[in-house]
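Quick notes on the structure that follows.
First listed ligand is number 1; within each ligand, the first listed atom is number 1. We use all heavy atoms of the structure for the numbers below, so side chains are in, but hydrogens, waters and symmetry mates are not.
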Amino acid sequence: MEWTMAELSSFDTTEFRKTLATFVTGVTIITTCTESGERVGLTANSFNTVSLSPPLVLWSLAKTSRNIDAFSRAGHWAVHILAADQQDLSNRFAKSGHDKFAGVETDAGTGGVPLLRGCASRLQCRTSFRYDGGDHLILVGEVLDFDRSEHPPLVFHGGSYGLALKNLKLPPRDTDETSAEGPASFKEDFLDYLLPRAHYQIYSRIRAAHASHGLSDSEFFVLSSLVAQDGRTLSEIDAMFSVTGHCVTSDTVQSLAGRHLVHYTTPATDAMAARLTLTPEGRETTLRVMAAAKAIEAEIFAQLGYWESVCLKLLLRQVVAMTDIGLPAMWAAPA
Ligand SMILES: Cc1cc2nc3c(=O)[nH]c(=O)nc-3n(C[C@H](O)[C@H](O)[C@H](O)COP(=O)(O)O)c2cc1C
């Protein structure tokens, strides 16, 4: 087909690219080897499925690619659908003019095609058709073999890498934000409602684990902060606990000492300067309660999904860092 310059020039290429980038894709690396046995490959997100029977897939290669000759001749190639933790590999194969395979372990696939490891899945293909596609060459391949792992896939959207989240249902677009009862976003959708509500619901289960060992919230806080770093002073622990709006007092410490869970040394002048250490019994009790809390977390994450849980933690860490008001680090060693 002939393209006229008038048709082409009416196009704003940058806007066209941005528009195409609203389409979310995975990321692949396509590899092959030349007749002389050189391993070649590149990052491509133009990959798509064509047919189930026969099993056909396609992708397109820029005619400016250094690999155009290799793929124009190749009888076989392999598509690697990248896993979410393979961004560096994607960047490496998206850069021209260096040995992309240096230090990368590969297996030998059909036709001697190098197969990368650690991917979400891999498809070994035999070239079925090649079509001209404007400034790209379209390659269609018949899938001869494939394998897949449990690794979640890498996503590409709007020129950036992303992660695929499942089971999320967005609220309808036209929510009335200003009903008589107040802005909808200030109710069920308000961040400082959602975070504490999730916290209290989870914590009510963790509290039951404390209680089964006869520990109050503040007592468990003291013990767990000592597991992270033994020998903290009461005032250091209190400074960390004050985030919750509660305080740790010398009564808390005496109660723990009375049950042989901690030792402490009180300087004559200042009870808050008391330095606390866990007894072996205190450490064992704390580790048991912590294990019970981790089991509750694991149960919630199993329900949410592994990848969603990783993302939730990443986002929460980001919120913690963004809203930092200089609170002492919970689990870091005291200065
Ligand atoms: C996420 C992503 C997707 C890409 N998709 C394609 C593609 O589908 N086809 C293509 O030819 N280049 C694509 N590229 C660009 C090539 O990977 C890049 O131009 C590479 O340097 C080509 O290497 P080569 O010249 O050694 O072949 C993509 C790059 C990235 C980062």
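- Of all protein heavy atoms, the one lying nearest to atom 8 (O) of ligand 1 is Ser46 OG, 2.6 Å.
- No donor-acceptor pair closer than 3.5 Å links the side chain of Arg122 to the backbone N or O of Ala78.
- At distances below 3.5 Å, at least one donor-acceptor pair connects side-chain atoms of Thr249 with backbone N or O atoms of Asp251.
- With salt bridges taken as basic N to acidic carboxylate O contacts below 4.0 Å, none links Asp238 and Arg232.
- Near Phe156, meaning under 4.0 Å from any of its heavy atoms, are these atoms of ligand 1: 1 (C).
- In summary, the atoms of ligand 1 found under 4.0 Å from a heavy atom of Ala62, numbered by their order in the structure, are 10 (C), 11 (O).
- If you check which protein heavy atom lies closest to atom 30 (C) of ligand 1, you get Thr43 CG2, 3.8 Å.
- Among all heavy-atom pairs drawn from Leu82 and Cys119, the shortest one is CD2-SG, 4.3 Å.
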**Request:** Please step through side-chain contact (heavy atoms from CB on, under 4.5 Å) for the pair Lys100 and Asn67, ending with a clear verdict.
**Result:** CA-CA 12 Å; Lys100 299 179 183 183; Asn67 291 317; 4.0 Å; yes
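- The protein non-hydrogen atom at the shortest distance from atom 25 (O) of ligand 1 is Ser96 OG, 2.4 Å.
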Can you list, pair by pair, the side-chain donor-acceptor contacts under 3.5 Å of residues 253-260, counting residues two or more places apart and other chains?
| unit_1 | atom_1 | unit_2 | atom_2 | d |
| --- | --- | --- | --- | --- |
| Ser255 | OG | Glu219 | OE2 | 2.8 |
| Ser255 | OG | Arg259 | NH2 | 2.8 |
| Arg259 | NE | Ser255 | O | 3.4 |
| Arg259 | NH1 | Gly214 | O | 2.8 |
| Arg259 | NH2 | Glu219 | OE1 | 3.0 |
| Arg259 | NH2 | Glu219 | OE2 | 2.7 |

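- The aromatic rings of Phe71 and Trp59 sit perpendicular, their planes meeting at an angle over 60°, well past the 30° parallel limit.
- In summary, the atoms of ligand 1 found under 4.0 Å from a heavy atom of Lys95, numbered by their order in the structure, are 21 (O).
- Looking from atom 20 (C) of ligand 1 to the surrounding protein, the closest heavy atom is Ala94 O, 3.2 Å.
- Between Trp59 and ligand 1 there is no heavy-atom distance shorter than 4.0 Å.
- Atom 5 (N) of ligand 1 has its closest protein heavy atom at Asn45 N, 2.9 Å.
- Contact annotation for Ser60 and ligand 1: only backbone heavy atoms (N, CA, C, O) come within less than 4.0 Å of the ligand.
- Numbered from 1 in the order shown, with element, the atoms of ligand 1 that lie under 4.0 Å from a heavy atom of Ser65 read 24 (P), 25 (O), 27 (O).
- Counting non-hydrogen atoms of other residues, nucleotides and ligands closer than 6.0 Å to CZ of Arg288 gives a total of 12 or fewer.
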Going by atom type alone, with no hydrogens or angles, which donor-acceptor pairs under 3.5 Å involve a side-chain atom of residues 310-327 and a protein atom two or more places apart or on another chain?
| unit_1 | atom_1 | unit_2 | atom_2 | d |
| --- | --- | --- | --- | --- |
| Lys313 | NZ | Glu297 | OE2 | 2.9 |
| Thr323 | OG1 | Val319 | O | 2.6 |
| Asp324 | OD1 | Gly326 | N | 2.9 |

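- For atom 26 (O) of ligand 1, the nearest non-hydrogen atom of the protein is Lys100 NZ, 2.9 Å.
- In the vicinity of Leu61, heavy-atom distances shorter than 4.0 Å reach the ligand 1 atoms 11 (O).
- Atom numbering of ligand 1 starts at 1 in the shown order; those under 4.0 Å from a heavy atom of Asn67 are 24 (P), 26 (O), 27 (O).
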